[in-house]
Amino acid sequence: ETGASVLLLRTCLALLASPIYLLSFLGMWEPFCRKVFFPFILDKICVLHDKKSKKHKQELFRNLPDFRGPSGELRLLEIGTGAGGNFQFYPPGCKVTCTDINPNFQESLTKNMKKNQHLHYERFLVAAGEDLSQVPSGSVDAVVCTLVLCSVHSVSGTLREVLRVLRPGGAFYFLEHVAAEHSSWRYFWQQVCFPTWKLVFAGCCLTRELWKNLEEAKFSELKIQHISMAMPCMPIEPHIVGYGVK
């Protein structure tokens, strides 16, 4: 019964979004989404999400300085930097390498770099989380990834790369939206929105149980907290936040 309701409501949603499905069929949606729509809409959503997540992020990144390398420097790599909304939380003097699969955030990224001159920006790499081959193994003290694991092609592949580039004793920080409790209305709506949401928001999957992937990855220590972040009219309230040590 639930399955039938999900299918029916998915169809209604697809009809509402039919112009996007048509553009996608014609091969025109993805380039437009990547270049124009996604950076624009993400900017708007991020303003709201940044407000809601600020205290969680302050708390999360508080112990970043503890992971400084033997030289006393903190070399940090961010996967899916986007517009650079996390820069404000990094400690002064931190050496940052930015990576993103989508190079179209340049404008807001430059703005955030100017705002956060307490950091050293090393380089910007156009790279997917699953393939950080431009980054040498064991070369960074911390890897940060927020609202990115929902849209990578392979979560386990990305976590393998994270562990490869981290030095032993380095840390991986994450804050991600995840699947809701299966018996909840939230999960029902996540299932309804799933295909259309994934198409509109550049491959973002609503129902990933990312805590399971993190538990399966080979971290020597892992701290995960399940939290809820009220995002009006959006099926992305349940989140996980924490860090893992290599």
Which donor-acceptor pairs under 3.5 Å do side chains of residues 132-147 form with protein atoms, sequence neighbours excluded?
{"residue": "Ser133", "atom": "OG", "partner": "Asp131", "partner atom": "OD1", "Å": "2.9"}
{"residue": "Ser137", "atom": "OG", "partner": "Arg164", "partner atom": "NH1", "Å": "2.9"}
{"residue": "Ser139", "atom": "OG", "partner": "Pro136", "partner atom": "O", "Å": "2.7"}
{"residue": "Asp141", "atom": "OD1", "partner": "Arg75", "partner atom": "NH2", "Å": "2.9"}
{"residue": "Asp141", "atom": "OD1", "partner": "Arg167", "partner atom": "NE", "Å": "2.6"}
{"residue": "Asp141", "atom": "OD2", "partner": "Arg75", "partner atom": "N", "Å": "2.7"}
{"residue": "Asp141", "atom": "OD2", "partner": "Arg75", "partner atom": "NE", "Å": "3.2"}
{"residue": "Thr146", "atom": "OG1", "partner": "Asn86", "partner atom": "ND2", "Å": "2.9"}

Is any side-chain heavy atom of [X] closer than 4.5 Å to a side-chain heavy atom of [Y]?
X      : Y      : value
Glu181 : Tyr187 : no
Ile224 : Phe174 : yes
Gln88  : Lys115 : no
Leu74  : Tyr90  : no
Ile45  : Met231 : yes
Thr158 : Val148 : no
Cys98  : Val96  : yes
Tyr173 : Phe67  : yes

* Any pair counted as salt bridge (charged side-chain N to carboxylate O under 4.0 Å, His left out), so long as it reaches residues 142-153, sequence neighbours left out ->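 Found none.
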
* Pair Arg34-Glu30, salt bridge (Lys or Arg N to Asp or Glu O under 4.0 Å): steps then yes or no -> CA-CA 6 Å; Arg34 193 174 277 256; Glu30 212 216 334; 3.3 Å; yes

Co-membership, hydrophobic cluster, residues [X] and [Y], 4.5 Å side-chain:
X      : Y      : answer
Leu16  : Phe37  : no
Phe219 : Leu149 : yes
Leu8   : Leu15  : no
Met28  : Val36  : yes
Val162 : Val155 : yes

Ignoring hydrogens, what is the shortest heavy-atom contact between [X] and [Y]? Give both atom names and the distance.
X      : Y      : answer
Pro195 : Arg10  : CD-NE, 3.5 Å
Leu159 : Ala217 : CD1-CB, 4.1 Å
Pro103 : Val126 : CB-CG2, 3.9 Å
Leu76  : Cys94  : CB-SG, 3.7 Å
Ser151 : Ala202 : CB-O, 4.0 Å
Leu13  : Cys193 : CD2-CA, 3.7 Å

* To do: Check whether any side-chain N or O of Glu73 sits under 3.5 Å from a backbone N or O of Gly93 as a donor-acceptor pair, and report yes or no.
  => no

* To do: Could you tell me whether a side-chain N or O of Gln191 sits under 3.5 Å from a main-chain N or O of Val6, the two making a donor and an acceptor?
  =>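 Looks like no, no N/O pair under 3.5 Å.
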
* Within the 6.0 Å centroid threshold, strictly below: Phe194 and Trp197 -> no

* To do: Report the residues that fulfil salt bridge (charged side-chain N to carboxylate O under 4.0 Å, His left out) with Glu215, sequence neighbours left out, ordered by chain and then residue number.
  => none

Tell me every residue that passes side chain to side chain donor-acceptor pair (under 3.5 Å) with [X], counting only those two or more places apart in sequence or in another chain.
X      : answer
Thr196 : Tyr21
Lys111 : none
Arg68  : none

Pairing residues for [X] by the side-chain contact (heavy atoms from CB on, under 4.5 Å) criterion, not counting sequence neighbours:
X      : answer
His118 : Pro92, Asn116
Ile20  : Trp29, Leu199, Val200
Asp43  : Ala83, Ser108

I need the [X] [atom1] to [Y] [atom2] distance, nearest 0.5 Å.
X      : Y      : atom1 : atom2 : value
Asp50  : Lys52  : CG    : NZ    : 12.5 Å
His56  : Ile227 : NE2   : CD1   : 4.0 Å
Ser156 : Glu130 : OG    : CD    : 9.0 Å
Glu161 : Ser154 : CD    : OG    : 10.0 Å
Ile79  : Thr97  : CD1   : OG1   : 11.5 Å
Leu206 : His177 : CG    : NE2   : 6.0 Å

* Any chance you could lay out the side chain to side chain contact (heavy atoms under 4.5 Å, CB included) test for Phe201 and Cys150, step after step, and finish with the verdict? => CA-CA 10 Å; Phe201 292 103; Cys150 56; over 6 Å; no

* To do: Given side chain to side chain contact (heavy atoms under 4.5 Å, CB included), test Ser53 with Met229 step by step and report yes or no.
  => CA-CA 7 Å; Ser53 63; Met229 229 179 272; 3.8 Å; yes

* To do: Determine which pairs satisfy side-chain hydrogen bond (donor to acceptor under 3.5 Å, both in side chains) with at least one residue from residues 199-213, sequence neighbours left out, and list them in order.
  => His182-Glu209, Glu209-Lys212

Which atom pairs, one a donor and one an acceptor, fall under 3.5 Å between side chains of residues 232-246 and the rest of the protein, sequence neighbours left out?
{"residue": "Glu237", "atom": "OE1", "partner": "Arg186", "partner atom": "NE", "Å": "2.8"}
{"residue": "Glu237", "atom": "OE1", "partner": "Arg186", "partner atom": "NH2", "Å": "2.3"}
{"residue": "His239", "atom": "ND1", "partner": "Ile236", "partner atom": "O", "Å": "3.4"}
{"residue": "His239", "atom": "ND1", "partner": "Glu237", "partner atom": "O", "Å": "2.9"}
{"residue": "His239", "atom": "NE2", "partner": "His49", "partner atom": "NE2", "Å": "2.9"}
{"residue": "Tyr243", "atom": "OH", "partner": "Asn63", "partner atom": "ND2", "Å": "3.4"}
{"residue": "Lys246", "atom": "NZ", "partner": "Leu163", "partner atom": "O", "Å": "2.7"}
{"residue": "Lys246", "atom": "NZ", "partner": "Leu166", "partner atom": "O", "Å": "2.8"}

* Structure fact -> Contacts satisfying ring pair (Phe, Tyr, Trp, His ring centres under 6.0 Å) that involve residues 121-163 (not counting sequence neighbours) are Phe87-Tyr121

* Would you please classify the geometry between the Phe38 ring and the Phe105 ring as parallel, tilted or perpendicular, with 30° and 60° separating the classes? => perpendicular

